[in-house]
Amino acid sequence: MSVSHQEQQVTPSATQAFIVFLAGVSAALHIWKLPPALPVLQETLELSLSQAGWLISVFQLAGMLLGLVFGLFVQRIGQKQSILIGLCVLSAASFAGATASGIATLLVFRIIEGFALLMVTMSAPALIKHIAPKARLSFFVALWSAYIPTATVFALFAGASMLNYFDWSVLWTGSGIITLIMALLVWRTVKENRPAHAPGHNQLHQAWLSIKQTLTVKEPWLVAVTFSMYTSQWVAIISFLPIIYREAGISGALMGTFTAIAAGVNIVGNLLAGKLLQQKVSANLLLNIAFITMIASAFVAFGLNSSPWTQFIAITLFSAAGGLAPATLFNLAVKVTPSVQNIPVTIGWLQQWISFGQFAGPIIVALMVDYTQGWSSVWLLTGAWGALGIILSYLLCRTAAVKS
């Protein structure tokens with residue numbers, strides 16, 4: 001058989017898998033370069049809190065609408081190629097966004113960045129699965145679930161520090177440069193298994209079959225909607241922290257440090273969940289701990305008129321315990337997919353609902369804060385999302401246990 005009809009085998013490499021993870025981090029920087037700049041943008045562009053919420057959320061528009069379709073598109077062009085295209089478009093859009101002088105232009109480039117990010121996040125998990133050493137696959141799956149909080153820590157801490165000396169556009173330009181460097185690194189170092197593509201008609205048939213098989217069973221729906229219950233509250237709270245702290249009288253480097261710590265501890269939960277799952281700890285127990293702690297800590301942070309320090313501790317706990325959810329749900333997503341061939345479609349569907357949570361959460365929270373003229377009722381929203389997460393995770397884990 002000719003080489004064009006075979007799958008080129010690539011030697012598993014932890015280094016290459018880690019580079020793919022870093023590519024995801026560099027892509028996610030473009031989500032999180034915005035929050036530290038929000039107080040500045042509110043002044044220079046005269047943004048309301050609701051408009052700020054739209055700037056945060058619109059980034060997720062592509063994932064919310066096209067996650068499933070992009071999963072199939074990535075299958076066709078290859079994971080490495082998709083990551084490279086996504087990183088290059090992210091860089092270009094970030095450079096262009098740095099020249100924006102109004103919210104409309106900034107929104108357009110945020111939407112373009114969202115489409116490019118999707119090309120990276122849809123490809124990276126499957127590529128990691130192919131190139132990571134088998135013995136360390138669980139570690140890299142758990143590590144991948146931490147790509148957003150890792151980017152969040154870097155963007156919030158470095159961004160807040162940079163904004164003490166430079167204009168917000170420098171943050172956009174710097175993010176574009178970092179992403180471009182990562183694109184070059186992926187291009188030069190990462191090797192990809194590239195199976196031969198079937199004829200076009202067969203590809204369409206297989207694509208339709210994969211979608212039908214995935215969406216006609218309840219498990220992918222349960223894991224995806226449960227994930228959205230987590231992302232809606234985590235992204236909303238962490239994104240607005242710079243504004244919350246500024247209103248509490250905390251600004252500058254201290255605000256950046258507080259926000260980065262609150263986001264960064266989420267990584268601890270991500271990695272801890274991966275380790276506990278390897279030790280056969282119940283997925284349902286981990287999800288219950290995550291959602292119950294998020295409900296309680298959000299109540300302390302916003303419902304009790306707490307001091308800034310108490311609020312900081314509560315939000316840090318909210319993020320750390322919440323970090324148990326993403327790694328657990330990614331793990332369950334792979335387990336409940338109808339077949340190995342359907343993993344890209346299941347991940348695409350999962351990404352669509354993750355993006356929906358990230359889209360809806362900040363907008364709904366901003367509207368509630370505007371309506372109530374304060375943050376004291378936010379815990380009611382996050383509590384409702386947490387309660388739904390508990391119910392859905394119970395149904396999901398019961399179904400997964402029956403299947404196994």
Side-chain angles (χ1 to χ4, degrees), residues 22 24-26 28-44 47 49 52-53 55-56 143 145-175 177-178 231 233-272 293-294 297-298 300-302 304-324 326 358 361-362 365 369 375 378-379 382:
L22 291 179
V25 172
S26 74
L29 285 177
H30 296 273
I31 305 175
W32 294 98
K33 67 189 178 189
L34 179 66
L38 279 178
V40 177
L41 289 170
Q42 278 190 309
E43 293 175 5
T44 57
L47 300 181
L49 188 65
L55 270 178
I56 294 167
L143 182 65
S145 71
Y147 81 96
I148 286 183
T150 302
T152 307
V153 172
F154 184 80
L156 292 174
F157 185 75
S161 300
M162 286 178 65
L163 289 168
N164 287 327
Y165 305 99
F166 304 105
D167 184 65
W168 65 269
S169 61
V170 175
L171 194 54
W172 262 241
T173 303
S175 300
I177 292 171
I178 291 170
T231 57
Q233 52 184 312
W234 189 84
V235 170
I237 297 304
I238 300 299
S239 295
F240 285 128
L241 274 184
I243 293 176
I244 293 170
Y245 286 140
R246 185 187 64 174
E247 292 179 3
I250 300 170
S251 59
L254 185 59
M255 178 271 287
T257 301
F258 273 22
T259 310
I261 291 171
V265 294
N266 190 258
I267 301 170
V268 177
N270 294 156
L271 297 178
L272 180 61
T293 307
M294 291 177 87
S297 53
V300 172
F302 301 106
L304 296 181
N305 195 26
S306 300
S307 69
W309 278 103
T310 302
Q311 189 178 58
F312 165 68
I313 293 169
I315 291 173
T316 300
L317 182 60
F318 169 93
S319 181
L324 296 171
Q358 293 173 338
V365 167
V369 172
W375 297 88
V378 165
W379 72 272
T382 59

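These numbers were taken from a predicted model, which means no experiment stands behind them. One-based numbering along the sequence shown.
Looking at every heavy atom in both residues, Pro242 comes nearest to Ser239 through CD-O, 3.4 Å. Of all non-hydrogen atoms in Pro39 and Pro35, the two that sit nearest each other are CD-O, 3.7 Å. Across all non-hydrogen atoms, the minimal contact from Pro326 to Asn270 is CG-ND2, 3.6 Å. Pairing each heavy atom of Gly264 with each of Val153, the nearest pair is CA-CG2, 2.9 Å. Shortest non-hydrogen contact noted between Trp168 and Ala37 is CB-CB, 4.2 Å. Of all heavy-atom pairs spanning Leu29 and Ala151, the tightest one is CD2-O, 3.6 Å.
Inter-residue side-chain proximity for Ile178 and Lys33 is flagged as unmet; no heavy-atom pair is nearer than 4.5 Å. At least one side-chain heavy atom of Leu34 sits under 4.5 Å from a side-chain heavy atom of Trp172. Two residues are said to be in side-chain contact when any heavy atoms from C-beta on lie closer than 4.5 Å; Phe154 and Val25 fail this criterion. Pro308 is not listed as a side-chain neighbour of Tyr245, based on a closest heavy-atom distance of 4.5 Å or more. For the pair Phe302 and Ile237, the minimum side-chain heavy-atom distance is below 4.5 Å.
The OG1 atom of Thr150 lies 9.0 Å from the CG atom of Leu22; values are rounded to the nearest 0.5 Å. Going from atom CD1 of Ile261 over to atom CG of Leu156 covers 11.5 Å, rounded to the nearest 0.5 Å. Atom CG of Asp167 sits about 9.5 Å away from atom OG1 of Thr173, to the nearest 0.5 Å. Atom CG of residue Leu271 and atom CG of residue Asn266 lie 10.0 Å apart, to the nearest 0.5 angstrom. Note: Leu38 CG to Leu241 CG = 11.0 Å, rounded to the nearest 0.5 Å. Between Trp32 atom CH2 and Ile238 atom CD1 the span is 6.5 Å, to the nearest 0.5 Å.
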Fill in: Step-by-step side chain to side chain contact (heavy atoms under 4.5 Å, CB included) determination, Ile56 to Phe240
CA-CA 9 Å; Ile56 294 167; Phe240 285 128; 3.7 Å; yes
Item to complete: Go through the steps for Phe258 and Thr316 under the test side chain to side chain contact (heavy atoms under 4.5 Å, CB included), then give the verdict.
Response: CA-CA 9 Å; Phe258 273 22; Thr316 300; over 6 Å; no
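Side-chain atoms of Thr382 come within 3.5 Å of backbone N or O of Trp379 as a donor-acceptor pair. Although no hydrogens or angles enter the test, the distance criterion places a donor-acceptor pair under 3.5 Å between the side chain of Ser306 and the main chain of Val300.
Remark: Phe157 CZ is loosely packed, at most 12 non-hydrogen atoms of other residues, nucleotides or ligands lying under 6.0 Å away.
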